Every structure is written in structure tokens, then in C-alpha cells.
Amino acid sequence: MKNNRFIIIILLLFIASKISAQNIVKYELTVTDTIVNYSGKEKRAIAVNGQIPMPTLTFTEGDIAEIIVHNKFKESTSLHWHGLFLPNKEDGVPYLTQMPIEPNETFTYSFPIIQNGTHWYHSHSGLQEQIGMYGSLVLLKKKDDPTFRKGIDDLPAVPIILSEWTDIKPENVHRMLANANDWAGIKKGTTQSYSDAIKAGHFKTKLENEWKRMLAMDVSDVYYDKFLINGKNESQLSQFKAGDKVRLRVSNGGASSYFWLNYAGGKMTVVANDGNDVEPIEVDRLIIGVSETYDVVVTIPNEDIAYEFLATPEDRTGSASIYLGNGKIQLKSRMPKLNYFEGMKMMNDMMNMDGTMDDMGMDMSYQQMDMNTVMYPEISGNPKMKMDDEMDMDDKMDHSNHSMNANQDIVTLNYGMLKAPQPTTLQKDAPVRELRFELTGNMNRYVWSMDNKVLSEVDKILIKKGENVRITLYNNSMMRHPMHLHGHDFRGLNGQGEYAPMMNVIDIMPMETDTIEFEANMDGDWFFHCHILYHMMAGMNRVFSYENSKPNPYLPNKEWAYKKLQSESNKFHFMAENDFATNGNDGMVMLQNTRWSFGTEWRLGYHDEHGYETETHIGRYIGKNQWFMPFVGFDWRYREQNGEVEKNIFGQTNTKDQRAVLSLGAEYTLPMLVKLQGEVFTDGNVRFQLMREDIPISSRLRWAFMVNTDKEYMTGFKYIVTRHLGISSHYDSDMGIGFGATLNY
């Protein structure tokens, strides 16, 4: 008996010594309001420990992470540890794994570091990530790790976090996207108007585009004022010299921007993806999706030269640079502007009249067939390649590396090239759960969904510990989607057999079908979502929930919390417009979410004979493409008619002198994006109407028209001056011709 006690005491002392031997690495992070100036204008942002991006956090595998968050910010917040394996309650998703960290509260995240690699962390509350809450997270290998790679894991390493900045409040960015505001296209020079189409020889392409009820070709939804590497547009690492090899640990912390990565010193060697080692691959360039991480090794070729590592957003509207080395700066040639009408033509060929996408018999997966190459002048050989006009060409810069010729031999990384160094196969005797999701969207109304349902319309997806979960994802939308799974790595089944790469983000291009699989070996509820911030907030999310999970001490009421999470990705968006004209005042206000629309419009004359009228419609969008919206309405009108009685084209008396009626109707979007509206009123009258308000004549000039069976008609033009102001003129059958200014929000 004494011997048994002695053995137990020895075991307990051994276990205690092992626990105490683990290194606890502690960070304290204080979240505060701040002011930044990236574009010449002072704007509000969020700083952590007084800096943007947030501090780089570094751990070694085997450490215990203890991260204390002090919220001195006026809003609630949270931190998510992107790509990390950790207890579910530490994952940092408000209302799913914890309650939000409220103002003046302190919250401690604590978890063991059981992996290595390049990762990052960010706020998972609202749109805070867009305005400063993102930072690098580096997990080092132990020196005795059997997977330690000499010449790679022992190189000097630099954390690189990419991001973007907009002077517009993120909430307004999202609202403008939901209201199909094309200010971003104007700022980027990508409106693809009819005059642009004629100049480019693509008038037929533009007609077909609108005939199929599509808006202009888009690559990135948002216009950004500045692009940043480690919080700066330009910076230099002058400590490196000729012959040095440097490992760049690159994370894309952007809210919605994909970035092309190029290096002026030659090729880059990709050695890791999403924190996981891959067999080294030498490439000329790669595109890093939103929230992905890549580790690349670059060499400093010559002395007294600083070589540009260039990050260019996919829409090519700017760039950010970090120069490696000391001396003259050698630039990488700028990526030329995209051929948008070529992309539009390709999109037309893919889209059917019913809004579905035609796969054209292509076997597309894992980025191996990039349809967007039709838009790349550097691949297609377009002779209009030129340098960025805004580039500062001073005498400190060496331009000998600028290659101005189209090169079809550029080696571009794709997922099919990624290969794990060791087998990654899952347990062969485990049960397999097969799931399939179709990524769906509506650019006209900026609704993003899975299987045409947003998070607020679905329950959690139950899975069981011990099974293998295999997911097939088909992108039936015109935008690419970087899909991220919390708390797990998955295998990308890319043709590499048992050496399929491990990932936690997979970028799925339009028309592409990809399959991933992972071992269900955790506990709790895990978010699965598109990592484009505005797509996630629009509803492109799901939650995987392990059956029989232990209670989460941070969420005493999980059912209530899940409903709160659902509501956050299906918020209503407000818009308003008012035209102050010489012949009257026209305006409208609208409140919409994924399915519902509440709208009121008015026309107020300055004289009784011009009349006053207002219409209100409450409708619900029906169908996958949301082209159809039945509604109920209310119509009120007054006009002094001096005894005259008007009739509509059906011979019904059209009472405008004093009218207050309810209606039942529907609106349908026709080809050419013309809206057909039909209503039956409680006084027995029937009205049909055709209208379109946003026909792009030129970059800033829009034409509108309306005609209906009440013999009313309108036509007008608006020239867009600023985001909120336009100069307008129109002719209205009731109020005549007018000129004025249009304000919108």
C-alpha cells in the first residue's frame, strides 16, 4: 500500500513538473479609439496598444498563451485567433463561443499552442477588422521538431500583414454595397458605361450584359484609398545584404482585397500555406486570398540595392511596397489595368438568361483554370501596358528590372501545385459525412448566401466527433469566395493524393467546384464562412456544431446567443434620395435586408395644379435571383384638376384630385434591368409601369425613364458630382421640366 502511495506521489510530482515546465507567454492588449491619416484626411480607427496593425504575437509550439484584453473602446469587441487549434470557448466569435467584451471590461484568452506556422488574429465583432483590428500571429517550431527544415525554418523571418484603408465608414461601405451604389466604380474608373463600351469596341458586350440583367463586371467591391504592408504604404528593411535569404510570413489581413505578390529580386519560393509546410515551389507571382497566409523565401541578389516586394490588389487600383536591402530601390513593374470588357464578355458567355451559370463543360477546381486571365494584359499581350502614373520616379530608383512586355511564361501559383511534405490522409475506418454547399449571391442587392439561404434562415449543422467530414463547394456566383473554417485544418483534395495540402481557407473562383475534408476531432460550435468581411456580414455563413458538446461557460443561453448571431448577418440597410428641382421635390427612402423591402417615394409640386403624391410599398423578394417582389402598398395623391377627369389606358377614371387607396402588386426585373411593376388598387384601378433609373451613359452620367398605364411618363439625367451629390434635370408629365440638385445617402 505504501509503495502504491509512493508511486502515485512520484507520478503527481512528475506531472506537476511537466506542467510547470510549460512556458506561459503573456500579452496584454488594450483596445482604444484613435485617429489616423492614411489619405490626407483624419479618420477614426481602432488601435491596440496604440498601434495599427495590432502587435505581432509570437509563441513557440508547446507554450501556453495568455492574452489579456482590456476594452477601453466605446463598443464591444472580441479577438479571433485565425487558424489556431484551441478550446472552442477561446475561439473569439461573439454570440457563438463567448459573449462580446463590453466597454471597460477585461477578458482573458488562455490556450495551449499545439501547432506552428504563420497565422494572424483579428476582431470578429462587426466591421472592426476593416479599421485597424488585425495583427500577425507567429507560432515557431521547436528546434528539435522532426519537421524542422534547415535553410527554411532557420532563416531570418519578417511578419508581413497586408491590409487596406477606406476613408468611408465600413458601415456605410456595406450599406452602399447593399443599395447597388456605384461610387466605388466611379472612383476606380470601372463603371463600364455605354460610352466606355463604345470606345472599347464592346457595345454589343455591354448590351448583352444588361440583357442578362447583370451589373457591370466587378473584381473587388470596395474602393480603397490606400493599401498597406504592416500599416504603411511604403517601408524598408535595410538590414539585409547581398546573398541573404529572407522568409516573409505573409498574412492577408484585408477586409475584402485579394493581393498579387511580386518581388523585384527574382522568383519567390513558397514554403508554407495557412501555417502548414508545403514542398517548396518556385513562382513568379501568387495571389493571396482574403485571410490566407503564405510563407515565401526571397533572396537579396546584389549589394547596395533594395528590392521591392510589391503587393497589388486584384483590381489593380494601387499598391503597397516593402523594400528589402540597403541602397538604390529597384522596382517591380506595375501590373497594368484590367481589361474589364473582356471579363464582361466572358461573364456573358457563362451566364444563362435565368440567372444560372453555365459551366461550359469545364472541369474547374483549385484555381488551376483562372478564367480571369482574359482580363490580364500581361498574359494576353495587350500592348497598352504602362507604368503606374502616380509612381514617384526619383533618381534613387533603379528601373532596370521593369519588364514592359507581355509574358505568357509567368509562373503563377495555384492550389494544384501545393503538396504537403508528409502524408495528410484521414483515418480510413472513420465514418464519412458528405455535405455539399452551393455558394450563391445577388450582386444587384448584395445578398451572399449558401444554398440561397443566409445564416438567419438556417440551423446549425450537426456533426459527430470521430467522423470525417467531406464538403463539396460549388461557386455559382460571379465573385470569388475565400471560405474559412474555424478551429480546424482541412485537406484540399487537389490531386496530390495522400500529400494533399492542409488549409483553413480555400479560395473558390466563379464556376469552380472544390472538395475539402477534415477530421471531426474537436468540441463545440465552429464558424464556417466567407472571409470577405462584407460577404460574411451579408449572410454567407454556417455553423458546424458537435453533438453532445460540453456546455460553454461563457454562453449560459446558447439558443438566445445563436439568434443574436443570426440577426447580425441579416441587418436592414437604409438609403434615401431627394431631388431639389425647379419644378418640385422628388424623393424616396428605403429600408431593405436579405428578403424584405420597405420603401416610400414622393413627388411634391410647388403649386396645387402640379399636385402632391406619395406611394409606400412593403415587399418580399422571391426566388434565387430576387427578380420578383410581391408587395402591398398605399397610394395617396392630391392635385387641383379644375373639374377635369383623367382616364388611364384601360378607360378607368384616374382620380388624382383626392386619392387614398391600398394596393396589391408585384415588381419584376426584366432584361436590361428594367423594372416592371403591376398594381391593383382598392378602388378597382389597375396600373402597370416600366422604369429604370441608373442607365450608365458615361462614367458619371446616368439616364432614367418611367412610363405607366396612367399615361404618366418621366425622363431625366443625373451627373454624379460626389458620393452624396448629383446635378439633375428631368421632365415629368405632371410637373413639367425641372433642373436641380440630387442628394443621396
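Remember, it's a predicted structure, so these values are computed and weren't measured experimentally.
Proximity of S698 to Y194: side-chain heavy atoms (C-beta onward) are nowhere separated by under 4.5 Å. Between L591 and M575, the closest side-chain pair of non-hydrogen atoms is not below 4.5 Å. Residues R702 and I695 fail the side-chain proximity criterion, which asks for heavy atoms closer than 4.5 Å. Side-chain contact between V458 and R542 is present, with at least one heavy-atom pair separated by less than 4.5 Å. The side-chain heavy atoms of K204 and K206, taken from C-beta on, include no pair separated by under 4.5 Å. Side-chain contact between V721 and I727 is present, with at least one heavy-atom pair separated by less than 4.5 Å. Within the 4.5 Å cutoff, the side chain of H730 has no heavy atoms near those of the T715 side chain. Side-chain contact check for V36 versus I52: some heavy-atom pair is nearer than 4.5 Å.
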For F631 and I618, what are the C-alpha separation, side-chain angles and deciding distance, and is it a side chain to side chain contact (heavy atoms under 4.5 Å, CB included)? CA-CA 5 Å; F631 61 79; I618 301 173; 5.8 Å; no
Start with the C-alpha gap between H481 and H529, add the side-chain angles, then the distance that decides, and say whether ring-ring contact (aromatic ring centres under 6.0 Å, His included) holds. CA-CA 9 Å; H481 300 288; H529 63 94; over 10 Å; no
I'd like to know whether F73 forms a side chain to side chain contact (heavy atoms under 4.5 Å, CB included) with T32, so could you lay out the CA-CA distance, the side-chain angles of the two residues, the decisive distance to 0.1 Å, and finally the verdict. CA-CA 5 Å; F73 184 51; T32 57; over 6 Å; no
Could you walk me through whether V222 and E164 satisfy the side chain to side chain contact (heavy atoms under 4.5 Å, CB included) test, starting with their C-alpha distance in whole Å, then the side-chain angles of each, then the deciding distance to 0.1 Å, before giving a yes or no? CA-CA 10 Å; V222 184; E164 74 277 271; over 6 Å; no
Before you tell me yes or no, could you show the steps for Y446 and W448 under ring-ring contact (aromatic ring centres under 6.0 Å, His included), namely the whole-Å CA-CA distance, both residues' side-chain angles and the distance that decides it to 0.1 Å? CA-CA 6 Å; Y446 211 76; W448 298 106; 5.7 Å; yes
Are F580 and N585 close enough, and set up right, to give a side chain to side chain contact (heavy atoms under 4.5 Å, CB included), and what steps lead you there? CA-CA 5 Å; F580 297 91; N585 183 286; 3.3 Å; yes
Salt bridge (Lys or Arg N to Asp or Glu O under 4.0 Å) evaluation trace for K188 with D315: CA-CA 9 Å; K188 291 194 286 187; D315 64 8; 3.2 Å; yes
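A distance of 10.0 Å separates CE in M735 from CE in M714, rounded to the nearest 0.5 Å. Here the CD atom belonging to Q677 is positioned 11.0 Å from the OG1 atom belonging to T669, to the nearest 0.5 angstrom. The CZ atom of F717 lies 6.5 Å from the CG atom of L701; values are rounded to the nearest 0.5 Å. M511 CE to M346 CE: the interatomic distance, rounded to the nearest 0.5 Å, is 9.0 Å. Here CG of N209 is found 8.0 Å from CG of L215. Values are rounded to the nearest 0.5 Å. Remark: I131 CD1 to T166 OG1 distance equals 10.5 Å, nearest 0.5 Å.
The main-chain N or O of G185 is never found under 3.5 Å from a side-chain atom of D182 such that the two would form a donor-acceptor pair.
No cation-pi contact links K226 to Y38, judged by a cut-off of 6.0 Å to the six-membered ring centre and 45° from its axis.
Side chain to side chain, S597 and Q592 meet the donor-acceptor criterion of an N or O pair below 3.5 Å. Donor-acceptor pairing under 3.5 Å is recorded for the side chains of T616 and T600. For the residue pair N452 and T440, no side-chain donor N or O sits within less than 3.5 Å of a side-chain acceptor on the partner. Side-chain contact, H617 with E601: no donor N or O sits under 3.5 Å from an acceptor N or O. A donor-acceptor contact closer than 3.5 angstrom links the side chains of S78 and S125. In this model, no donor atom of one side chain and acceptor atom of the other lie less than 3.5 Å apart for T312 and S319. One side chain, S195 or S193, offers a donor N or O that lies under 3.5 Å from an acceptor on the other. With no hydrogens or angles considered, a side-chain donor-acceptor pair links T77 and Q128 at under 3.5 Å. Counted by atom type alone, N476 and E438 present one or more donor-acceptor pairs between their side chains at under 3.5 Å. Looking only at atom types and distance, the side chain of Q566 has no donor-acceptor partner in the side chain of S456 under 3.5 Å away.
By the 4.0 Å N-to-carboxylate-O rule, E693 lies too far from K718 to be salt-bridged with it. Salt-bridge annotation for R44 and D33: present, with a side-chain N of the basic residue lying under 4.0 Å from a carboxylate O of the acidic one. The pair E314-R316 does not meet the salt-bridge criterion, since no charged nitrogen lies less than 4.0 angstrom from a carboxylate oxygen. Between R692 and E210 there is a salt bridge, with a side-chain nitrogen of the basic residue lying less than 4.0 Å from a carboxylate oxygen of the acidic one. Comment: E208 engages K212 in a salt bridge, judged by a side-chain N to carboxylate O separation of less than 4.0 angstrom. Under a 4.0 Å N-O distance rule, the pair D635/R659 qualifies as a salt bridge. A salt bridge is absent between E171 and R175: the closest approach of a Lys/Arg side-chain nitrogen to an acidic carboxylate oxygen does not fall below 4.0 angstrom. Comment: R687 engages E615 in a salt bridge, judged by a side-chain N to carboxylate O separation of less than 4.0 angstrom. For the pair R639 and D734, the salt-bridge criterion is met [side-chain N within less than 4.0 Å of a carboxylate O].
Aromatic ring centres of H174 and H535: separated by at least 6.0 Å. Ring centroids of W560 and Y562 are separated by 6.0 Å or more, keeping the two rings apart. Within the 6.0 Å centre-distance limit, the rings of W703 and F705 are counted as a close aromatic pair. Taking the six-membered ring for Trp and the full ring otherwise, H122 and Y134 have centroids separated by 6.0 Å or more.
Shown are M375, K199, Q192; of these, the side chain to side chain contact (heavy atoms under 4.5 Å, CB included) with F341 is made only by Q192.
Other residues, nucleotides and ligands contribute at most 12 non-hydrogen atoms within 6.0 Å of the CH2 atom of W211. For E457, the CD atom is densely surrounded, since the number of other residues' heavy atoms within 6.0 Å is greater than 12.
Minimum interatomic distance between T190 and A216 (heavy atoms only, all atoms of both residues): O-CB, 4.5 Å. Summarising the geometry of N744 relative to N181, their closest heavy-atom pair is OD1-ND2, 4.2 Å, with the distance given to 0.1 Å. The two atoms that bring V686 and N648 nearest to each other are O-ND2, 3.5 Å, heavy atoms only. Between L670 and R213, the closest heavy-atom pair is O-CG, 3.2 Å. Of all non-hydrogen atoms in G678 and F688, the two that sit nearest each other are CA-CD2, 3.8 Å. Heavy atoms only, all atoms of each residue included: V454 and A538 are closest at CG1-O, 3.6 Å.
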